[in-house]
Amino acid sequence: MTVRAGVLALQGDFREHAAALERAGAEAVLVRTPGGLEGLDALVLPGGESTTIGKLADRFGLVGPLRDAIAGGLPTLGTCAGMIFLARATTGPPQVQLGVLDVVVERNAFGRQVDSFETDVVMEGFDDPVHAVFIRAPWIAEIGPDVEVLAEVDGHPVAVRQGRILATSFHPELTGDGRIPTLLLAMAVEG
Ligand code: GLN
């Protein structure tokens, strides 16, 4: 089966995600309307600017439909801003969030001096480390009981899974490593 994977295409690096999904064997579709969520087997919420993504999702009437689709079991990957958008809260001022992932995120947590960096991260379920690109990345400050930590940097969770929701602080779509998109597609095939 070819997995039909939607990528929320309001702002951010959705094109890179679409390309990574196609490399992993999926049919990628850009989602900009509630109707665009129909018939999807998987969904990606890209990196970018989470406040902008939240505002645009609100304006386009996507917040409720996204929440319902993801809470209803649609396999979903959120990266960086996408992870923030999935989460239930941030440590900062309120912003539009889906609240389907039971974590509290700290935005731009790695500090301004190290705005962006790359490092190899050991990740649960993978034999070899993942080369992880962090760009003004969040980390997870609080974690709910149903959330499994898949990877940490300096003792802070940077990759998690809750049921069919996967979230990373880093950007797997920016490296050639197809293991994370493949993991998402495998969740879609498992049903
Ligand atoms: N700093 C951004 C935010 O807080 C996330 C950055 C990213 O997605 N690379 O929304």
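Below, all heavy atoms of this structure are taken into account, side chains as well, without hydrogens, waters or symmetry copies. This structure is a prediction, so every number in the text was calculated from the model and none was measured. Just follow the structure's listing: the first ligand is 1, and inside any ligand the first atom is 1.
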#### Entry: Heavy-atom proximity to atom 1 (N) of ligand 1, best of Thr79, Ile135, Asn108, Asp13
Asn108
### Summary
Checking heavy atoms under 4.0 Å, the part of Thr51 that sits near ligand 1 is neither
### Query
Atoms of ligand 1 less than 4.0 Å from Ser50 heavy atoms?
3 (C), 4 (O), 10 (O)
## Note on the structure
Numbered in order shown, the ligand 1 atoms found under 4.0 Å of a heavy atom of Gly47 are 8 (O)
### Nearest-contact summary for atom 5 (C) of ligand 1 - protein heavy atom, Å
Gly48 O, 3.3 Å
### Message
Salt bridge or not between Arg88 and Glu142? Use side-chain N to carboxylate O under 4.0 Å.
### Response
yes
#### Entry: Salt-bridge criterion met for Glu148 and Arg161 (N-O under 4.0 Å)
no
### Contact (N/O only, under 3.5 Å) between Ile84 and ligand 1
no
### Query
Do the ring planes of Phe117 and Phe134 sit parallel (below 30°), tilted (30 to 60°) or perpendicular (above 60°)?
parallel
### Message
Please state which option from Met83, Glu106, Gln11, His171 has its nearest heavy atom closest to atom 9 (N) of ligand 1.
### Response
His171
### Query
So, does Arg136 use its side chain to make a donor-acceptor pair with the main chain of Ala109 at under 3.5 Å?
no
### Query
Hey, which of Thr119, Asp120, Thr175 is the one that makes side-chain hydrogen bond (donor to acceptor under 3.5 Å, both in side chains) with His131?
Asp120
### Arg107 and ligand 1 - part of the residue with a heavy-atom distance under 4.0 Å
side chain
### Query
So, do Val96 and Ile53 sit near enough that their side-chain heavy atoms are less than 4.5 Å apart?
no
### Query
Any side-chain donor-acceptor pair under 3.5 Å between Glu106 and Thr90?
no
### Query
Under 4.0 Å from any heavy atom of Cys80, which atoms of ligand 1 are there?
5 (C), 6 (C), 7 (C), 8 (O), 9 (N)
